[in-house]
Structure formats: structure tokens, C-alpha cells
Amino acid sequence: MRKVRASGPPKLETESPLLTADDLAVWFHCSRRAVYDRVFRNQIPGVVRLGRRLYFDRVTIQEWLKRRLLGARPDDLEMH
């Protein structure tokens with residue numbers, strides 16, 4: 001099993017507009033495999049597929065997390 005880097009969440013101002021699965025795993029405090037599992041179950045919005053790799057739109061993920069943290073109902077969390 002590959003370890004996820006533990007450097008903390010990516011810097012918002014200087015980073016790419018796309019997050020990697022490893023970046024998201026750090027944010028979610030889970031493994032990269034758990035991120036991929038959630039993607040394949042359509043539980044994470046903002047997925048960008050480039051070849052065989054998955055990336056995540058930073059703005060979409062941040063808005064989705066804000067809505068979840070503010071207690072939006074699950075049916076309000078529309079997947080993109």
C-alpha cells in the first residue's frame with residue numbers, strides 16, 4: 001500500500017486548480033484507494049479524467065465541502 005504524503009492540505013493560493021487523489025486523501029484523512037472508491041461510487045464531484053489519471057477541480061471540491069459542512073441535506077449536494 002502506498003503512503004499518502006502527510007504534509008497537510010495543499011496551499012490554496014499557490015497550487016494548481018486541480019487536486020490529485022493524494023491531495024484529496026490528505027484533506028479527507030483517508031487513503032488514496034478510499035478516494036478512488038468514492039469516485040467510482042459517484043460520491044465526489046469535480047472529477048477530471050486525464051488519460052488514466054483522476055484529478056479534482058479545486059473550486060468544485062471546496063464548494064462541495066462547504067455545503068456539507070454547513071449541513072446541507074444530501075439531496076442538495078448535487079454531483080457535477
Side-chain angles (χ1 to χ4, degrees):
M1 176 185 233
R2 185 173 170 222
K3 288 190 174 192
V4 175
R5 62 186 168 112
S7 62
K11 293 179 180 66
L12 301 179
E13 304 82 29
T14 60
E15 296 284 328
S16 164
L18 295 177
L19 299 167
T20 66
D22 286 335
D23 294 333
L24 217 51
V26 170
W27 278 15
F28 291 172
H29 301 283
C30 66
S31 68
R32 183 173 68 170
R33 181 75 240 162
V35 170
Y36 276 90
D37 288 343
R38 293 188 75 184
V39 167
F40 295 127
R41 289 187 303 229
N42 293 319
Q43 295 177 335
I44 298 177
V47 178
V48 178
R49 297 178 199 276
L50 297 175
R52 294 182 59 189
R53 296 182 188 252
L54 293 180
Y55 295 93
F56 304 87
D57 179 66
R58 178 185 304 276
V59 173
T60 301
I61 294 294
Q62 288 174 330
E63 291 172 357
W64 177 68
L65 288 173
K66 283 180 191 174
R67 287 195 310 264
R68 288 185 62 114
L69 291 173
L70 293 175
R73 294 187 323 261
D75 56 336
D76 291 342
L77 302 176
E78 187 175 308
M79 301 299 279
H80 299 280

Identify all side-chain donor-acceptor contacts of residues 50-57 below 3.5 Å with residues at least two apart in sequence or on another chain.
unit_1 : atom_1 : unit_2 : atom_2 : d
D57    : OD2    : T60    : N      : 2.9
D57    : OD2    : T60    : OG1    : 2.5

>> With clusters defined by side-chain heavy atoms of hydrophobic residues (ILVMFWY) lying less than 4.5 Å apart, directly or transitively, does L24 cluster with F40?
In response: yes
>> Starting from V39, can I reach L18 by hopping between I/L/V/M/F/W/Y residues whose side chains sit under 4.5 Å apart?
In response: no
>> I need the full list of salt bridge (Lys or Arg N to Asp or Glu O under 4.0 Å) pairs touching residues 34-49, with sequence neighbours left out, sorted by first then second residue.
In response: R33-D37
>> Looking at every heavy atom in both C30 and V35, which two are closest together, and how far apart are they?
In response: SG-CG2, 3.8 Å
>> What's the separation between atom CG in L65 and atom CH2 in W27, rounded to the nearest 0.5 Å?
In response: 6.5 Å
> Are W64 and V47 in one and the same hydrophobic cluster, where Ile, Leu, Val, Met, Phe, Trp and Tyr link if side-chain heavy atoms are under 4.5 Å apart?
Replying inline: yes
>> Given 3.5 Å as the limit, does a donor-acceptor pair link the side chain of R32 with the main chain of A25, or not?
In response: no
